[in-house]
**Student:** 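Take this structure, written in C-alpha cells, and hold onto it; I'll ask about it next.
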Amino acid sequence: MATLLRSKLSNVATSVSNKSQAKVSGMFARMGFQAATDEEAVGFAHCDDLDFEHRQGLQMDILKAEGEPGGEEGAEPPVEGDIHYQRGGGAPLPPSGSKDQGMGAGGEFGGHDKPKITAWEAGWNVTNAIQGMFVLGLPYAILHGGYLGLFLIIFAAVVCCYTGKILIACLYEENEDGEVVRVRDSYVAIANACCAPRFPTLGGRVVNVAQIIELVMTCILYVVVSGNLMYNSFPGLPVSQKSWSIIATAVLLPCAFLKNLKAVSKFSLLCTLAHFVINILVIAYCLSRARDWAWEKVKFYIDVKKFPISIGIIVFSYTSQIFLPSLEGNMQQPSEFHCMMNWTHIAACVLKGLFALVAYLTWADETKEVITDNLPGSIRAVVNIFLVAKALLSYPLPFFAAVEVLEKSLFQEGSRAFFPACYGGDGRLKSWGLTLRCALVVFTLLMAIYVPHFALLMGLTGSLTGAGLCFLLPSLFHLRLLWRKLLWHQVFFDVAIFVIGGICSVSGFVHSLEGLIEAYRTNAED
C-alpha cells in the first residue's frame, strides 16, 4: 500500500514538474529564444490529456445536473470555455432553436445542398443591384456635373468592377501544395482577417455597421421616392408628400412579420422587367423630343458645391460588393466570375450613361431629383404608379437583410450576445424581435418625413457607405492580405483608388450634409 502511494505521489510530482517546465520552455520558444524539445512536447501532450480529462469530468457533472429535475432552471450555466472545448478543436453545434441551424454548414451560402447558379443568373443578380430604381437620380447628377458627370459614370463602373474582383481575390489563399483554395466566405470574414490577430472582430463590426447603414438608408430612400412620386402624380389631391409617405409605410408594416423572402421573391422578376419597361418609356419620350435637345446646356465646368453630391449618387447606383462573396460562392463555375463582372458593368455603364444624358438633354436645367417628375401629367401618373409598386415590393429585401444583420450582431443566442435571441425554441418570433422590426419600419418613416430629399439622401449614403464598401475597404483589404503577391501596377491601382475614393467620400459627405441642412432650414422657414 505504501509503495502504491509513493508511486502515485511520484507521478503527480513528475506531472507538475513537466507541466511547469513545458509552460516555461514553451513561453521562451514562442518568444524566439529556444525551440521546445521532444521531452517538453511530451510534457505539453500530458498536460493536455490531464486538462481534457478534468474538463470532461466537469462536462459530465453539468450533464448530470441538467438531467435532474429542475436542473435547467436551478443549475448555473457552464463556463463558456468548457462549452467550446472539444477534442477535435471544433465549435459546438448551435442550439435547436437557433437560426444558424437552418443555415447549414455553408454559413453565408446556406449549406452545400443548395443548387448552384450559372454565370448568367449571377449576372442577372448583379444587374438587378446596379440597374435598380436609383438610376432615376442620374440625370440630376449630370445637371451638376455635365460631361464630367458622364465620365464619372464610366469611371465608377470601371473602379467598382475592379474592386469587386479584388474583393473576391481576398477570399482565396495558397495552401501548402501551392493550390489556391477558398478560406473565407464573406465580406465580414475578409475584414476580420485583416484586423487579426490584435483585433480579430473589429473589421467585421465596421463592415456590419456600414452594411446596416446602407441597407436602412436604402429602405428610407424607397419610402421617400414613394411619397415623392405619388405627390407629383396627383398634385390636385389635398395630400402632402409626408402623408403619402405615411400611407406607403402603412402598406409596408407587414414586413415586420416576415420570416423569409419566399413570398416577396416571386415578384422580383416582374418588378425588374417593369422597371426596364419604364426606362424604355422614358427614353422613348426623350427621343421623341430629340429636335429640342439642349446640347449647349451640357457643361464642361462643374458646380463645386453640388458636384460632390453627384459623385455620391453615381457611386451609390453601383453598390453591389457586399453580396459578391456569397454570389461567387454559389456559382457553378467561379472562374467565370471575372467575365460576368465585366459584361454586367459594361452594360450598366452604357445604359446609365445613355439614360442620364438623354434625359438631361430633354429637360436641361429643369431636370428634377427624380426624372419621372419631368414627364407630362398623363404619362407621369402611370409611370409613377408602376415605380411606387416596384419601390414597395423592393423594400422588404434590404429591410429583411438589415434585420438579419442586427439580429445576428445583437440578439444571437450565446453568451456573447447583447440581448436575448429574437426566436424561441419553436422558431416563433418573440415580442422584442417583433418590436425591433416595427421600430425599424417606423424609423424609416420618420427619416422619410423629416428628410424628404431623394437626391441628397442618395448622395449622402453613396459618399458615406457606398464609397467605403466599394472603393476604400476592398483596396485596403487587397493590400493588407495579398501585399507580397501584388505587382507594382496593382499596388498603384489600389493606392490610387483608396486616395481618390477617400477624397470623394469626404467631400461628398460634407456637401450632402450641407445640402440637407440648407434644405431643412428652407422647409422650416416655409
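No experiment lies behind these values; they were computed from the predicted model shown.
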**Student:** Ring-plane angle category for Trp295 and Trp293, please: parallel below 30°, perpendicular beyond 60°, tilted otherwise.
**Tutor:** perpendicular
**Student:** Is the side chain of Ser505 donor-acceptor paired with the backbone N or O of Gly502 at a distance under 3.5 Å, no angle test?
**Tutor:** no
**Student:** Can you measure from OH (Tyr187) to SG (Cys170) and round to the nearest 0.5 angstrom?
**Tutor:** 9.0 Å
**Student:** Between Thr319 (side chain only) and Val315 (backbone N and O only), is there a donor and an acceptor less than 3.5 Å apart?
**Tutor:** no
**Student:** For the backbone of Phe454 and the side chain of Glu369, can you confirm whether one donor and one acceptor N or O come within less than 3.5 Å of each other?
**Tutor:** yes
**Student:** Quick one: are Leu138 and Ser317 in side-chain contact, heavy atoms under 4.5 Å?
**Tutor:** yes
**Student:** Would you confirm whether Lys352, through its side chain, and Ile130, through its main-chain N or O, come within 3.5 Å as a donor-acceptor pair?
**Tutor:** yes
**Student:** To the nearest 0.5 Å, tell me how far Thr218 OG1 sits from Ile213 CD1.
**Tutor:** 11.5 Å
**Student:** Could you give the distance from SG (Cys161) to NE2 (His338), rounded to the nearest 0.5 Å?
**Tutor:** 8.5 Å
**Student:** With a 4.5 Å heavy-atom cut-off, do Ile153 and Tyr318 have their side chains touching?
**Tutor:** yes
**Student:** Side-chain contact test, heavy atoms from C-beta onward, threshold under 4.5 Å: evaluate it for Ile379 versus Leu281 and give yes or no.
**Tutor:** no
**Student:** Hey, are the side chains of Cys194 and Leu481 touching, using non-hydrogen atoms and a 4.5 Å cut-off?
**Tutor:** yes
**Student:** Do Ile283 and Leu287 make a side-chain contact, defined as non-hydrogen atoms from C-beta onward lying under 4.5 Å apart?
**Tutor:** yes
**Student:** Decide yes or no on side-chain contact (heavy atoms from CB on, under 4.5 Å) for Glu173 and Arg184, but give the supporting numbers first.
**Tutor:** CA-CA 9 Å; Glu173 287 185 4; Arg184 303 176 188 95; 2.4 Å; yes
**Student:** Restricting to non-hydrogen atoms, name the atom on Gly204 and the atom on Ala191 that form the minimum distance, rounded to 0.1 Å.
**Tutor:** N-CB, 3.8 Å
**Student:** What is the distance from atom CD1 of Ile309 to atom CE of Met458, rounded to the nearest 0.5 Å?
**Tutor:** 12.5 Å
**Student:** For the residue pair Leu171 and Glu328, establish whether any side-chain heavy-atom pair is separated by less than 4.5 Å.
**Tutor:** yes
**Student:** Around atom CZ of Phe307, are there more than 12 heavy atoms from other residues, nucleotides or ligands closer than 6.0 Å?
**Tutor:** yes
**Student:** What residue among Gln332, Gln333, Met340 forms side chain to side chain contact (heavy atoms under 4.5 Å, CB included) with Glu336?
**Tutor:** Gln333
**Student:** When you measure from the side chain of Ser463 to the backbone of Leu460, do you find a donor-acceptor pair of N or O atoms at a distance under 3.5 Å?
**Tutor:** no
**Student:** In this structure, are over 12 heavy atoms from other groups packed under 6.0 Å from Phe386 atom CZ?
**Tutor:** no
**Student:** With a 4.5 Å cut-off on side-chain heavy atoms, are Phe316 and Glu214 touching?
**Tutor:** yes
**Student:** Rounded at 0.5 Å granularity, tell me how far OG1 in Thr249 sits from OH in Tyr395.
**Tutor:** 7.0 Å
**Student:** Would you say the side chain of Ile500 lies within less than 4.5 Å of the side chain of Phe471, judging by non-hydrogen atoms?
**Tutor:** no
**Student:** How far apart are the closest heavy atoms of Gly501 and Leu472, and which atoms are they?
**Tutor:** C-CD2, 3.6 Å
**Student:** Taking the side chain from Thr444 and the backbone from Val441, do they hold a donor-acceptor pair closer than 3.5 Å?
**Tutor:** yes
**Student:** So, taking the atom named CH2 in Trp244 and the one named CZ in Phe234, what distance separates them when rounded to the nearest 0.5 Å?
**Tutor:** 6.5 Å
**Student:** Is it true that atom OH of Tyr172 has more than 12 heavy atoms of other residues, nucleotides or ligands lying nearer than 6.0 Å?
**Tutor:** yes
**Student:** Do Asn384 side-chain atoms and Asp373 backbone N/O form a donor-acceptor pair below 3.5 Å?
**Tutor:** no
**Student:** Let me see the working for Ser226 and Leu392 under side-chain contact (heavy atoms from CB on, under 4.5 Å), right down to the final yes or no.
**Tutor:** CA-CA 8 Å; Ser226 297; Leu392 296 179; 3.9 Å; yes
**Student:** Taking all non-hydrogen atoms of both residues, which atom of Ala210 and which atom of Leu469 are closest, and how far apart?
**Tutor:** CB-CD2, 4.0 Å
**Student:** Would the distance check show the side chain of Glu366 and the main-chain N or O of Trp363 forming a donor-acceptor pair, the cut-off being under 3.5 Å?
**Tutor:** no
**Student:** Kindly determine whether Tyr162 and Asp494 satisfy side chain to side chain donor-acceptor pair (under 3.5 Å), including the steps that lead there.
**Tutor:** CA-CA 10 Å; Tyr162 173 76; Asp494 290 348; 2.9 Å; yes
**Student:** Under the side-chain contact (heavy atoms from CB on, under 4.5 Å) rule, what do Phe498 and Leu479 come out as? Steps first, then yes or no, please.
**Tutor:** CA-CA 10 Å; Phe498 185 83; Leu479 290 170; 5.9 Å; no
**Student:** State whether the side chain of Thr344 and the backbone N or O of Thr127 hold a donor-acceptor pair below 3.5 Å, judged by distance alone.
**Tutor:** no
**Student:** Just wondering, more than 12 heavy atoms not from Phe492 lying within 6.0 Å of its CZ?
**Tutor:** no
**Student:** Assess whether atom NZ of Lys165 is packed by more than 12 heavy atoms of other residues, nucleotides or ligands within 6.0 Å.
**Tutor:** yes
**Student:** Looking at Arg437 and Val403, would you say the former's side chain and the latter's main chain have a donor-acceptor pair under 3.5 Å?
**Tutor:** no
**Student:** What verdict does the side-chain contact (heavy atoms from CB on, under 4.5 Å) test give for Thr362 and Asp292, after you've listed the backbone C-alpha separation in whole Å, the side-chain angles of each residue and the deciding distance to 0.1 Å?
**Tutor:** CA-CA 7 Å; Thr362 304; Asp292 301 327; over 6 Å; no
**Student:** Looking only at non-hydrogen atoms, find the nearest pair between Pro398 and Tyr222 and report the distance.
**Tutor:** CG-CE1, 3.9 Å
